[in-house]
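When reading the values below, keep in mind they use all heavy atoms of this one structure, side chains included, and skip hydrogens, waters and symmetry mates.
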Amino acid sequence: MRGILFTGGGAPDPALAARLYQGYRYVVAADSGLLACERAGIMPDLIVGDMDSIPNLESLSRYSADRVRVWPRDKDYTDTELALGALKDQGVDEVILVGGGGGRIDHFLALRALFDRPYCPALWIGDESVCVAVGTGTPSSSSRIEGLSPDNPVSVFAAGNAPHRATGSGFHWDISALAWDSGEYSLSNRADAGSVSITVTEGRFFLVFPLAQGIAITRTR
C-alpha cells in the first residue's frame with residue numbers, strides 16, 4: 001500500500017509533484033506539513049505533531065478529533081518520525097515523503113537519517129529535488145529514471161548498513177567501481193541520454209535529481 005507523509009519545510013510545486021502522488025491510499029501530515037498537504041488539494045487521514053509550526057491552530061477544527069493527534073513539544077520523536085510510525089501502523093509499505101526543503105541543517109540531517117532505518121521512505125520530494133531510495137528495505141531493487149535533461153545533475157549516495165554494491169547504466173561516470181563503504185559517492189553525475197538506471201545487489205542507495213515535468217520513475221523488485 002502506498003502512503004504520503006507531508007512534513008514541514010520547503011515543499012514542491014503541487015503542479016510538478018502531482019503525478020508522483022498517484023496511487024496513494026493513506027496520508028499523514030506532520031505538523032505544518034498540513035499546509036503543503038492542503039495546497040496539493042489532499043485532505044490528510046491523520047495529522048500528528050506538537051502543532052507548534054501551524055500558524056493558525058483553528059485550521060485543525062476542520063478535521064474530526066480522531067484525525068488529529070497532538071503531542072507535547074518535549075517528546076522523544078520528531079513530528080516526521082511520528083508520522084512515519086503512523087504510516088507503518090497502517091500497513092503502508094511505500095512511503096512518499098513530501099517537504100523538508102530549506103530551513104535548518106539539523107532538520108535536514110534528521111530527515112536524511114530516516115533513510116538509514118529499516119523502514120524508510122521510498123521517495124522524497126523536496127522543494128526542488130526528488131530522492132528515490134532503492135535496495136534493502138525499500139519496494140525495489142532497481143529503478144529507472146526517465147525524462148531527465150542531459151544537463152541535469154544526478155547524484156548517488158549509499159544509505160543504511162554496509163556492504164553496498166550497485167551497478168548503473170546511462171550515467172556519464174560509471175558508478176559500479178565506487179568504494180561506497182569508504183564514504184565515496186557520485187555527486188552531480190549526468191544522464192547523457194536523458195535516463196539512468198541503478199540495480200542494487202547489496203545495501204541501500206538513493207538517487208537525487210531535479211524535480212521537473214516529464215520525470216518518470218520505474219521500479220523493479
Side-chain angles (χ1 to χ4, degrees), residues 7 9-13 16-17 19-22 94-221:
T7 192
D13 179 344
L16 287 177
R19 291 183 308 104
L20 301 177
Y21 299 159
Q22 299 302 311
E94 183 176 348
V95 176
I96 305 169
L97 173 63
V98 181
R104 288 166 40 180
I105 291 177
D106 53 348
H107 285 180
F108 171 81
L109 291 175
L111 291 174
R112 159 62 185 85
L114 296 177
F115 289 87
D116 291 330
R117 301 183 181 186
Y119 183 79
C120 75
L123 186 66
W124 180 6
I125 310 172
D127 49 353
E128 297 179 350
S129 300
V130 180
C131 169
V132 175
V134 187
T136 305
T138 74
S140 62
S141 60
S142 65
S143 191
R144 180 175 178 83
I145 315 300
E146 298 178 284
L148 296 164
S149 164
D151 296 327
N152 288 155
V154 183
S155 300
V156 186
F157 299 87
N161 296 327
H164 294 89
R165 188 170 301 160
T167 57
S169 63
F171 292 94
H172 184 78
W173 291 286
D174 183 26
I175 66 170
S176 60
L178 289 172
W180 304 103
D181 295 328
S182 297
E184 292 188 353
Y185 45 78
S186 181
L187 182 68
S188 296
N189 209 321
R190 298 195 300 271
D192 289 336
S195 65
V196 294
S197 297
I198 183 171
T199 298
V200 177
T201 53
E202 289 186 286
R204 181 185 300 160
F205 290 79
F206 57 89
L207 286 74
V208 183
F209 49 91
L211 174 63
Q213 289 283 10
I215 293 293
I217 302 168
T218 304
R219 299 182 183 87
T220 304
R221 291 185 181 272

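Taking the six-membered ring for Trp, W124 and F115 have ring centres closer than 6.0 Å.
Around atom OH of Y119, more than 12 heavy atoms belonging to other residues, nucleotides or ligands sit under 6.0 Å away. Crowding of N161 atom CG: a count of heavy atoms from other residues, nucleotides or ligands under 6.0 Å not exceeding 12.
One finds the CD1 atom of I175 at 4.0 Å from the CD1 atom of I198 (value rounded to the nearest 0.5 Å). Interatomic distance, OG of S197 versus CZ of F171, reported as 7.5 Å (0.5 Å rounding).
No side-chain heavy atom of E128 sits less than 4.5 Å from a side-chain heavy atom of P210. Using a 4.5 Å cut-off on side-chain heavy atoms (C-beta onward), I125 and Y21 make contact. At least one side-chain heavy atom of S186 sits less than 4.5 Å from a side-chain heavy atom of L178. With a 4.5 Å cut-off on side-chain heavy atoms, L187 and S155 count as touching. Side chains of L20 and L211 form a contact here, defined as non-hydrogen atoms less than 4.5 Å apart. A heavy-atom distance below 4.5 Å is not found between the side chains of I215 and V130. With a 4.5 Å cut-off on side-chain heavy atoms, R190 and W173 count as touching. F209 is listed as a side-chain neighbour of I217, based on a closest heavy-atom distance under 4.5 Å.
Residues meeting the side chain to side chain contact (heavy atoms under 4.5 Å, CB included) test with H107, sequence neighbours left out: R104.
Among V132, T136, V200, the one residue that satisfies the side chain to side chain contact (heavy atoms under 4.5 Å, CB included) test with F205 is V200.
The two atoms that bring P163 and E202 nearest to each other are CG-OE2, 3.3 Å, heavy atoms only.
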